[in-house]
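Lettering of chains follows the sequences in order, A, B, ..., and the numbering in each one begins at 1.
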Protein chains: 2
Amino acid sequence: MHLEQGKTVIDSAISQQQLCLVVGHCQVKYKGRAASKLSQGDRLLVIKPDGTFLVHQNSKMAAINYQGPGAIVSTEIRKADEDADVAKVEKTRKTETEGAKNHGPQKDSMLLVVKAERKKPQEEVIEVAFDSLQSAQNFSLQDDESLKLFGSERQLADLLEQDLGLIEKGMRPLQTESHFNKGAIDILAQDKDGRLVAIELKRRTAGLDAVTQLVRYVKQLSHRKDAKATPDANAQNKANRVRGILCAPEITPNALTMLEQEGLEYFKLDYEISNPSAKIKGLQKKQKMLEEFR
Amino acid sequence: MHLEQGKTVIDSAISQQQLCLVVGHCQVKYKGRAASKLSQGDRLLVIKPDGTFLVHQNSKMAAINYQGPGAIVSTEIRKADEDADVAKVEKTRKTETEGAKNHGPQKDSMLLVVKAERKKPQEEVIEVAFDSLQSAQNFSLQDDESLKLFGSERQLADLLEQDLGLIEKGMRPLQTESHFNKGAIDILAQDKDGRLVAIELKRRTAGLDAVTQLVRYVKQLSHRKDAKATPDANAQNKANRVRGILCAPEITPNALTMLEQEGLEYFKLDYEISNPSAKIKGLQKKQKMLEEFR
DNA sequence: CAATCGATGTCGATC
DNA sequence: GATCGACGTCGATTG
């Protein structure tokens with residue numbers, strides 16, 4: 001496919017708000033938020049009507065280069081040797097590796113350069129320079145539907161809050177304000193002795209980050225409580241210390257160690273995901289085995 | 001395009017390890033680490049040779065449904081009414097909206113179901129059921145090149161380590177072991193007074209997580225030092241406390257507050273990204289302004 | 001707009 | 001394979 005044809009197709013997609021798919025041999029440059037990159041090969045370029053700009057390789061899930069919604073896309077036909085970097089790199093690679101397959105640009109050949117720019121949070125530009133095209137096509141996609149997801153952390157937390165007895169008898173939810181200036185706690189509760197309990201729920205293996213997060217919440221709550229209560233005996237405060245409970249299907253060993261050093265508790269969470277909503281199957285307190293106790 | 005043709009194309013892509021692009025009207029279901037359902041709409045399906053499976057809508061960067069590398073892809077032609085959900089939803093939508101354009105499946109119409117399965121870490125299945133196709137094509141992508149990224153955190157950390165004087169006179173690197181059981185520290189150094197310094201570098205705005213990470217490192221180092229040094233006076237330990245320095249271009253207010261509460265230090269990092277490598281332009285200690293000091 | 005956090009995060013490095 | 005942290009993370013929620 002000719003580069004000029006490709007340009008026409010892409011321009012049409014931009015003006016008509018269509019999905020554009022381009023496959024070809026190209027080099028990509030990015031300069032912006034922080035990093036700048038360079039590479040060459042066969043790629044898939046996806047341009048969505050909202051400006052989303054994705055450059056994919058033939059493996060991996062993530063796009064190798066991208067620009068988010070809102071990017072301004074433009075095209076240009078340019079002489080290959082106007083771009084010194086491209087030419088230089090190309091020459092080097094050609095000498096190094098293969099001279100047979102004519103994939104790279106030749107002398108005086110043209111490039112179709114597709115550019116995606118964004119200025120909003122930071123000046124960002126991504127340039128895709130095609131030297132040959134396998135395909136360039138546009139499509140009109142009608143799709144207003146949004147995804148319905150089951151088994152999110154939020155859903156699990158709501159479920160657990162409705163049945164805190166799973167954790168311990170006498171535990172009840174406490175929905176004063178669940179949001180603090182720093183971060184939000186999953187569930188705030190009170191146990192049968194009236195002690196404040198911060199509950200953090202994770203839908204997958206909990207790591208150190210989950211523990212530090214819980215530590216932060218517990219600390220905040222403690223300060224809060226101190227401020228509220230009479231600022232007298234420290235011993236009493238200790239006895240009435242805020243409890244922190246981490247609920248997760250698994251926990252990494254280091255995280256468990258840190259958790260216990262901090263005096264917090266881990267509950268193993270067993271759940272399953274069914275259609276409209278997930279379901280909590282069990283919750284069981286776990287501690288280090290006695291064998292490990294020295 | 002006929003569904004049967006589409007099936008042939010996709011099957012061919014799978015057996016020949018090609019990139020496959022499919023555009024059509026479909027419904028998507030997923031069950032695995034979570035579960036989800038996406039009602040009907042026009043979407044782009046990308047199948048890569050390594051099994052990567054991406055379902056894109058016409059906006060947003062991220063795929064709405066996906067499966068990572070290693071997924072096993074298969075196709076199947078199926079009667080539409082075998083899938084109750086699909087049939088029901090479709091019927092509703094048709095009545096509600098349009099009857100003219102024949103986008104949806106008709107009575108007794110067929111579906112092209114593309115399935116991506118994975119069993120390894122967890123059983124996961126994603127099913128895309130097309131009732132009509134706009135396009136289905138395959139491409140051979142040769143691409144051995146990997147990305148070169150400049151300005152990564154690692155690169156910046158290496159640069160900074162080579163010139164710790166930027167932070168403070170007399171600061172020098174200390175490359176004992178930078179890895180601990182929990183996490184790794186970016187730079188370990190010693191100041192002119194011989195105090196241990198943990199330096200955490202972030203290439204972008206530092207948030208609470210960055211601070212908690214640094215807190216963790218400093219605590220580890222303190223324990224370590226206690227173990228090494230004579231376990232005597234606590235006062236001395238305090239005077240010799242391990243310092244923690246956070247270097248980042250920006251820091252959120254809450255993070256700065258927490259940092260100072262923990263007795264750690266923030267340095268504003270100024271850097272630029274040039275071609276082969278980034279460059280550190282400046283580093284300046286910042287504290288809360290006196291006006292804020294109450 | 002900034003700040004924060006979840007995610008079917010994904011990806012790479014290291015143990 | 002498990003663990004851990006970075007990421008141009010993305011995307012959503014909330015003040």
* To do: Could you work out the separation of D/dG11 and D/dC7 based on their C1' atoms and round it to a whole Å?
  => 15 Å
* With side-chain contact (heavy atoms from CB on, under 4.5 Å) as the test, would you mind laying out the steps for B/Ile187 and B/Leu160 before giving the verdict? => CA-CA 9 Å; B/Ile187 302 176; B/Leu160 180 58; 4.0 Å; yes
* **For C/dT8, the Watson-Crick or wobble counterpart (both distances under 3.5 Å)** => none
* Position toward the 5' end of DNA chain C (nearest nucleotide), A/Ala62 or B/Arg154 -> A/Ala62
* **Short side-chain N/O contact to C/dG6 OP1/OP2 from A/Gln213, under 4.0 Å** => yes
* Asked: So, is A/Arg203 close to the C/dG9 phosphate, meaning a side-chain N or O under 4.0 Å from OP1 or OP2?
  -> yes
* Determine the contact category for A/Gln67: base if any of its heavy atoms lies under 4.0 Å from a base atom, sugar-phosphate if only primed atoms, P, OP1 or OP2 are that close, otherwise nothing. => base
* Asked: So what does B/Arg204 hit on the nucleic acid, given a heavy-atom distance under 4.0 Å: a base, only sugar-phosphate, or nothing?
  -> base
* Is B/Asp209 side chain donor-acceptor paired with the C/dT4 base, going by distance under 3.5 Å alone? -> no
* **A/Thr252 side-chain N/O to D/dC4 phosphate OP1/OP2 under 4.0 Å** => yes
* Structure fact -> Paired with B/Arg43, the side chain to side chain contact (heavy atoms under 4.5 Å, CB included) test is passed by just one of B/Asn58, B/Leu38, B/Val22, B/Asn65, namely B/Leu38
* Give a yes/no on whether any side-chain N or O of A/Asn65 is located under 4.0 angstrom from OP1 or OP2 of D/dG8. => no
* Asked: For C/dG6, does either OP1 or OP2 sit under 4.0 Å from a side-chain N or O belonging to A/Lys202?
  -> yes
* On DNA chain D, check which nucleotide each of A/Tyr30 and A/Pro69 is closest to and give me the residue with the more 5' one. => A/Tyr30
* Considering heavy-atom distances to DNA chain C, does B/Ile251 or A/Glu153 have its closest nucleotide positioned more toward the 5' end? -> B/Ile251
* Return no unless some side-chain N or O of B/Tyr217 is found under 4.0 Å from OP1 or OP2 of D/dC4. => no
* To do: Sticking with atom C1', work out how far C/dC5 lies from C/dG9, rounded to a whole angstrom.
  => 12 Å
* Nearest-Å distance, CD (B/Gln220) to P (D/dC4)? -> 11 Å
* Asked: Which part of the nucleic acid, if any, lies within reach of B/Glu200 when heavy atoms closer than 4.0 Å are counted: base, sugar-phosphate only, or nothing?
  -> sugar-phosphate
* **With B/Glu250, the salt bridge (charged side-chain N to carboxylate O under 4.0 Å, His left out) member among B/Arg203, B/Lys268, B/Lys202, B/Arg204** => B/Lys268
* **Sugar-phosphate, base or nothing in reach of A/Thr205, heavy atoms under 4.0 Å** => nothing
* **Which nucleotide in C/dG12, D/dG8, C/dT4 has an atom nearest any side-chain atom of B/Leu149** => D/dG8
* **Any B/Ile199 side-chain heavy atom under 4.5 Å of B/Asp186 side chain** => no
* Validate the cation-pi geometry between A/Lys286 and A/Tyr266: distance from NZ or CZ to the six-membered ring centre under 6.0 Å, angle to the ring axis within 45°. => no
* Mind checking the P distance from C/dT8 to C/dT4? Whole angstroms is fine. -> 23 Å
* Asked: Within the structure shown, what part of the strands sits under 4.0 Å from A/Lys37 by heavy-atom distance: base, sugar-phosphate, or nothing?
  -> base
* To do: Please confirm whether any donor atom in the side chain of A/Gln122 sits under 3.5 Å from an acceptor in the base of D/dG8, or the reverse.
  => no
* Verify the contact: side-chain N or O of B/Tyr66 to OP1 or OP2 of C/dA7, cut-off strictly under 4.0 Å; return yes or no. => no
* Asked: What distance, rounded to whole Å, do you find between the two C1' atoms, one in C/dT10 and one in C/dG6?
  -> 14 Å
* Within a strict 4.5 Å, meaning less than it, do heavy atoms of the A/Leu196 and A/Leu188 side chains meet? -> yes
